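First up is the structure itself, then whatever we jot down about it.
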Amino acid sequence: MKAFYITTPIYYVNDIPHIGHAYTTIACDVSARYKRMKGFDVYFLTGTDEHGQKIQVSAEAKGKTPQELVDEIHVNFKRLWQVLNISNDDFIRTTEARHIKKVQEIFAKLISQGDIYKGKYSGYYCVPDETYVPENAIIEHDGKKLCPDCGRELIIMEEESYFFKGSKYVPALIKFYEDHVKAVMPRIRYNEIMSFLKGGVKDQSVSRTSLKWGIPVPGDEAHVIYVWFDALINYVSALGENNFARYWPNVRHMVGKDIIRFHCVTWPLMLLALGYDLPVEIIAHGWWTVDGEKMSKTKGNVIDPFKIVESYGLDAFRYFLLREVPFGNDGDFSELALVNRINSDLANDLGNLLNRTLQMIKSYRAGIVPKNEDISPLSELAPEILSRVDEAMNEYAYDDALKAIWEFISRTNKFIDETLAWKLAKDPAKSHELDYVLLNLYEALRLTGLLIAPFMPDTASKIYSQLGINDEPVKLLYESFSWGAGAGTRINKSEVLFPRIDINEWQKSKETAKLEQNSEITIEDFAKVDMRVAEIINVEEIPRSKKLYKLEVDLGYEKRTVCSGIKAFFTPEELMHKRVILVTNLKPVKLCGIMSNGMILAASVKHDGVAEALTLLTPFDETIPLGSKVS
Ligand code: MSP
């Protein structure tokens, strides 16, 4: 069986997962699932990049060790892959022993063969991006030298460093790319890499003394291996010996266009030095903007994939990302475009086709798919569509593959309109023709289920279940599909696959949400809220509640009982004698049978409406008298 090994970049753990990360991983997932259904021996790897300055700094700020921090936050990615139905075979973390061992082994080997040597390095360095910026890429502004990627100011850094003699292998790499023009895709990136290589490549610094959180250089522990050198090796370290022999010669790396130099220059040079095969394909995709703007935390327009999936459904999201934009190009994400795709492509074209077909089989043939062996425009089109999809998938042109599938769906919808089954059903002499129509519609849907399975595994499975087929489409093989084999199947109840979204209602709800977000209040409105400094003087467990504590608070002029949903975040000891801010004039409510008379203010980070982190608001100066008013 032919192997197919596909990798995502390993994600920086300190980022909150967003649609950019979801995009790379979903694309790899679709390719992995597709190749499995083509009979390949697939290995699909993803993971997290956990070393580096940023982690060290943010762990210090949180009073944790870097290891504690990455252990906590790498889970954000694992959780997202679960929600996105990602079928990865492995998840590698660069802090795992298997990885660290391999990185040190490789480093030592390259030192021993003279491809890594010690020298002095000085250059412009971007601290947040942990990268030296080459002179020709630096942006000059107001006399300052800025990072071309993040725009922040660069510092000059000088340190003793190990260097990788990549320059030695540049001619071999150029030759390889000349012989393998598909090794970097799309063509525009191939050209970019070739001209970069031909412009000359210097030896690269691959260790840091300024950094502590990383893998030590074997035998010279004052040096830590440069994060990118460490990270790239994940693709090898995850395999182990047996899998390396089995999968490495068929490796494909999927990456965003921003990290192609690391993948198409640094990494292949390392591989040449090690005597390993070079990646068969490195596929670079474009970047998503949001409503025409770059995504950024400061703009607050970062799209949270968890939320999109919650609002619109997983398969609609997976479909949209790969259908909307040709892979390799930049794309713009807008919820309106997503809603339009759901209504037209999914609810209308696909959903209606399924409903109409099942309805007719139920009404005219008591729910049993009739037999018929005549050739139809659909049975003739099917092999052509299968091969167009295959061609597109081999080019990672997901949008073209989906276009071909939807052409088939449209042709099938047209077939319904052309054949007028409801008329045939009225005439017993036309029974053979009716069988022909129903069998062909059913088979078209059975094939469509297979074709969409890599993109929308859950939807494919729902379609199969409604068609009365017990097999999971994702586990089937394209080559075992044979037109007509569905005859005799008893169909199941038809259910709506994608409910139509009422566009007017949707627009109204968006506007209301916007208004709520931006709605201003007057100072008089604000003054209605009475907030005062209070001290927690007693904390009691409420046995019936997982979330609430019963607190007694002292306002100086009176004592109150308050129920507060902070149990998950603090022990009673941590809360005792804390000074907090209490909203005193909230209407009292009964919670778990206890009258709660006020609300303690807290700030929280919420995910899917559930608080993941929470802190209490406390007065800066603890000596301020109890009962002092906040205004
Ligand atoms: N840790 C490195 C990769 C090391 S691989 C040996 C890294 N991580 S990352 O988390 O910053 O980015 C991972 C991927 O997310 C990249 O492929 C990047 O292109 C992709 N995206 C990040 N933002 C994106 C968009 N706005 N749009 C599309 N993809 C984007 O780089």
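Numbering of ligands and ligand atoms starts at 1, following listing order. Small disclaimer: the values here were computed from a predicted structure and weren't measured. Starting from 1, each residue takes its place in the sequence as its number. No hydrogens, no waters, no symmetry mates; every other heavy atom, side chains included, goes into these values.
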Which segment of W228 sits under 4.0 Å of ligand 1 when only heavy atoms are counted: side chain
Residue pair S58 / N14, side-chain donor-acceptor N/O under 3.5 Å: no
Pair E178 + K175: basic N to acidic O under 4.0 Å: no
Enumerated ligand 1 atoms positioned under 4.0 Å from heavy atoms of D49: 1 (N), 2 (C), 4 (C)
Member of F327, F320, F317, F333 meeting the ring pair (Phe, Tyr, Trp, His ring centres under 6.0 Å) criterion with Y23: F327
Heavy-atom side-chain contact between L272 and K168 under 4.5 Å: no
For G286, the ligand 1 atoms whose distance to one of its heavy atoms is below 4.0 Å: 28 (C)
Check: D258 N/O within less than 3.5 Å of ligand 1 N/O: yes
Nearest option to atom 28 (C) of ligand 1, as decided by whichever heavy atom of S296, P9, G20 sits closest: G20
Proximity winner for atom 20 (C) of ligand 1, if only heavy atoms of T24, V13, V290 are counted: T24
Protein heavy atom at shortest distance from atom 3 (C) of ligand 1: I10 O, 3.2 Å
Heavy-atom side-chain contact between F498 and D345 under 4.5 Å: no
Y235, any N or O under 3.5 Å of ligand 1 N or O: no
Contact with ligand 1 for M254, non-hydrogen, under 4.0 angstrom: no
Centroid-centroid under 6.0 Å between F77 and Y11 rings: yes
Heteroatom proximity flag, W288 to ligand 1, N/O under 3.5 Å: yes
Cation-pi geometry met for R33 and F44 (6.0 Å, 45°): no
Identity and separation of the nearest protein heavy atom to atom 15 (O) of ligand 1: H21 CD2, 3.6 Å
Nearest protein heavy atom with distance in Å, relative to atom 14 (C) of ligand 1: Y11 CE2, 3.7 Å
Heavy atom of the protein closest to atom 29 (N) of ligand 1 (residue, atom name, distance): H285 CE1, 3.3 Å
Numbered atoms and elements of ligand 1 in range of M295, under 4.0 angstrom, heavy atoms: 26 (N)
Shortest protein contact, atom 11 (O) of ligand 1 (heavy atom only): Y12 CD1, 3.3 Å
is_close_aromatic(Y5, Y235), centroid dist under 6.0 Å: no
Quiz item: cation-pi between R261 and F196, 6.0 Å / 45°: yes
Polar contact flag, side-chain donor to acceptor under 3.5 angstrom, N394-K35: yes
Under 4.0 Å to a heavy atom of H263 - the qualifying atoms of ligand 1, by number: 5 (S), 6 (C)
Nitrogen or oxygen atoms of G256 and ligand 1 under 3.5 Å apart: yes
Which of the ligand 1 atoms, numbered from 1, are nearer than 4.0 Å to a heavy atom of A231: 6 (C)
Closest approach of any protein heavy atom to atom 23 (N) of ligand 1, naming residue and atom: H18 CE1, 3.2 Å
Residue among D258, D332, D330 satisfying side chain to side chain donor-acceptor pair (under 3.5 Å) with W287: D258
Distance from atom 16 (C) of ligand 1 to nearest protein heavy atom, with residue and atom: I259 CD1, 3.8 Å
Validation row, ring centre Y162 to ring centre F107 under 6.0 Å: yes
